[in-house]
Amino acid sequence: MTGERDSERRTLDAAARAALAFLESLPTRPVAPGGSSQQLVAELGGPLLEDGAAPEEVIEQLVRGASPGLVASAGPRYFGFVLGGTLPAALAADWLVSAWDQNASLFVTSPAAAVVEDVVASWLLDLLGLPRDASVGFVTGTQMATFTGLAAARHAVLQRVGWDVEGDGLRGAPPMRVLVGEHAHVTVLAALRMLGLGTRDVVRVAADGQGRMRTTELRRVLEAGTGPTVVCAQAGDVDTGAVDPLADIAGASREAGAWLHIDGAFGLWAAASPRLRGLVEGVELADSWATDAHKWLNVPYDSGVAIVAHSDAHHAAMNATAAYFVQGVDGCRDGFEWTPQASRRARVLPVWAALRSLGRRGVADLVERCCALAGDMAERLRALPGVEVLNRVSLNQILVRFHAPGQDANAVTRAVIAEVQREGVCWVGGTTRDGRVAMRVSICNWRTGQEDVDRSLRSMARALRAVS
Ligand SMILES: *Cc1c(COP(=O)(O)O)cnc(C)c1O
């Protein structure tokens, strides 16, 4: 036993040492991974061992083998997609989640996780300015949060016309209309597919140049039909950061008797800043919301939050019972009744730690700082010859297009992105927006500072010169 305990300690020490070494390398290591997939396979692959290796050795091999394939997305100059890093308190809490190995499905399997879910739910509703009696489910990300919100929507709008979707399914059900913005995130469509609603009949409501749903169009579409209806709006377009006109959309949806779901994966966090709250005005009028903690709140993967204004619909859509589940001890809820999963890790604990370590002001500062850095970067990009910023930078996202004399701007932009990635000072991705290739910059990491923006701008300028 002593030998095993020693081995456990040495193994965890090795992991902690490797974790710290990685974190300390973040400011200087190339952001893009250095190795090839063949190299990774060579180190990590091969046949399954007949006899296992010692745990310490396993960790050492993992660290050595995985290193060439690690992306420094936890670092200050990773601007791809919308990822976010990890706050120290959240990371440390996440280690404990694994060490404690709690099953967060039932109160009896982890009173700590159950109570903290209730605590964090009320903190989040307060912080984001959402109805205090909304129900909350802790899921893996926004895709599952949207799935949860839309499952509640499906329950509610069909119930209003006398259809029990949980009992009878969708065979023979009254048709449901689903309206999404022209630039709705693909995960909204994935959620609709998984809910059996399909995507073929989804109505795409036209958007303006920033990607915001046009409310006149929405009203027109709503008025053109009847029956159970769900509207999916967006707070934070993945490319432009633009927020749909939520107050108007909520008004139109309410008049039409439609359920309004908001995909606020990152944009919902503007609500936590007194200065930026105006961007999401009316957000509290929706029926359900989906957001991520692993993006702007900077907790480790995977962590999303489903919020529903009508707890009865939420519960009806997710709830599962079995005789051996002990229900509702001490007035505390069983977390699994609010999510699509049964057994879950206690992923709420890092969310608790992040919120506790930042406080209300710290969350607002984090969001405001990222937006200010994005605004600064956009302004300085605009000042460079050959650089065009395509979006109004109201949040943390920048869309950039590059031009060189006599060359096709799509090709130039692609080449600049590739050169920036190759140089490794920062990492940016690309997209095609309304037929134009663009570089995407997303600033949502607590580590990112002015110096990182300065260095990244120099890298982008160098890349454009190299390509021109
Ligand atoms: C990231 C994102 C999603 C998907 O979130 P996951 O956490 O990856 O499931 C959905 N919508 C928007 C707007 C996003 O930015």
Side-chain angles (χ1 to χ4, degrees), residues 71 73-74 78-86 90 124 128 136-151 178 180-195 199 202 204-205 207 210-213 231-244 246 249 260-271 279-280 283 286 288-307 339-341 344-345 347-348 350-351 354 367 370-371 374 391 394-399 428-429 431 433 440-445:
V71 176
S73 48
Y78 185 89
F79 304 124
F81 306 94
V82 187
L83 295 196
T86 297
L124 286 174
L128 301 172
V136 178
F138 294 91
V139 295
T140 49
T142 291
Q143 173 159 320
M144 286 322 288
T146 286
F147 173 86
T148 305
L150 293 180
V178 181
V180 307
E182 188 184 338
H183 293 286
H185 198 267
V186 289
T187 52
V188 173
L189 301 170
L192 291 168
R193 272 204 306 274
M194 292 189 287
L195 286 163
T199 53
V202 167
R204 294 265 187 175
V205 180
Q210 299 295 316
R212 290 169 303 199
M213 193 191 282
V231 176
C232 302
Q234 183 164 262
D237 178 297
V238 270
D239 287 338
T240 66
V243 177
D244 285 342
L246 302 176
I249 292 172
L260 174 60
H261 174 78
I262 296 180
D263 173 359
F266 62 97
L268 189 56
W269 293 87
L279 290 174
V280 294
V283 70
S288 57
W289 303 262
T291 194
D292 271 321
H294 58 219
K295 287 180 177 167
W296 226 342
L297 187 60
N298 282 250
V299 309
Y301 290 101
D302 35 26
S303 192
V305 189
I307 306 171
T339 70
Q341 289 164 281
R344 283 174 308 143
R345 61 194 270 106
R347 65 169 57 82
V348 73
V351 183
V367 173
C370 291
C371 294
N391 64 321
S394 51
L395 215 60
N396 62 326
Q397 305 286 120
I398 318 173
L399 264 190
V428 290
T431 187
R433 185 82 179 185
R440 297 177 68 257
V441 178
S442 175
I443 302 185
C444 51
N445 192 314

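As the structure lists them, so they are numbered: ligands from 1, and atoms in each ligand from 1.
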(request) State whether a side-chain donor-acceptor pair under 3.5 Å links D292 with T142. (result)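 Looking only at side-chain atoms, T142 and D292 do form a donor-acceptor pair, the distance falling under 3.5 Å.
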(request) Scan side-chain atoms only and decide if S303 and H294 contain a donor-acceptor pair under the 3.5 Å cut-off. (result)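 Looking only at side-chain atoms, H294 and S303 do not form any donor-acceptor pair under 3.5 Å.
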(message) Under 4.0 Å, counting heavy atoms only: does G304 come that close to any atom of ligand 1?
(response)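 False for this residue.
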Out of all atoms in ligand 1, which are within 4.0 Å of some heavy atom of [X]? Include the element for each.
X    : result
H294 : 7 (O)
T187 : 3 (C), 4 (C), 10 (C), 11 (N)
V238 : 14 (C), 15 (O)
Q143 : 5 (O), 6 (P), 9 (O)
G236 : 13 (C)

Are the side chain of [X] and the backbone N or O of [Y] linked by a donor-acceptor pair below 3.5 Å?
X    : Y    : result
T291 : A265 : yes
W289 : V283 : yes
R347 : D302 : yes

(message) Regarding atom 12 (C) of ligand 1: of the candidates A293, A265, A184, which has the closest heavy atom?
(response)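 Checking each option, the heavy atom nearest atom 12 (C) of ligand 1 is found in A265.
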(request) Determine the minimum heavy-atom distance between R204 and A184, stating which atoms define it. (result)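 Shortest heavy-atom separation between R204 and A184 comes out as NH1-N, 4.1 Å.
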(message) For a quick test of reading the model, state the closest non-hydrogen atom pair linking L279 to S394 and the distance between them.
(response)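 In terms of heavy atoms, the two residues are closest at CD1-O, 3.6 Å.
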(request) Around atom 6 (P) of ligand 1, find the nearest protein heavy atom and jot down its residue, atom name and distance. (result)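 Protein heavy atom at minimum distance: T142 N, 3.5 Å.
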(message) Give me the nearest non-hydrogen protein atom to atom 15 (O) of ligand 1 as residue plus atom name, then the distance to 0.1 Å.
(response)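 For atom 15 (O) of ligand 1, the nearest protein heavy atom comes out as K295 NZ, 2.8 Å.
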(request) Check F266 against ligand 1 and report side chain, backbone, both or neither, counting heavy atoms closer than 4.0 Å. (result)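 Contact part for F266 vs ligand 1: side chain (C-beta onward).
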(message) Does any N or O of ligand 1 fall below 3.5 Å from an N or O anywhere on D263, backbone included?
(response)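 In this structure, D263 places an N or O atom under 3.5 Å from an N or O of ligand 1.
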(request) Would you mind telling me which of T240, N391, D239 makes a side chain to side chain donor-acceptor pair (under 3.5 Å) with R440? (result)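 Checked T240, N391, D239 against R440; only one passes side chain to side chain donor-acceptor pair (under 3.5 Å): D239.
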(request) Specify whether the nearest protein heavy atom to atom 8 (O) of ligand 1 is under 4.0 angstrom away. (result)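 No, because not a single protein heavy atom sits under 4.0 Å from atom 8 (O) of ligand 1.
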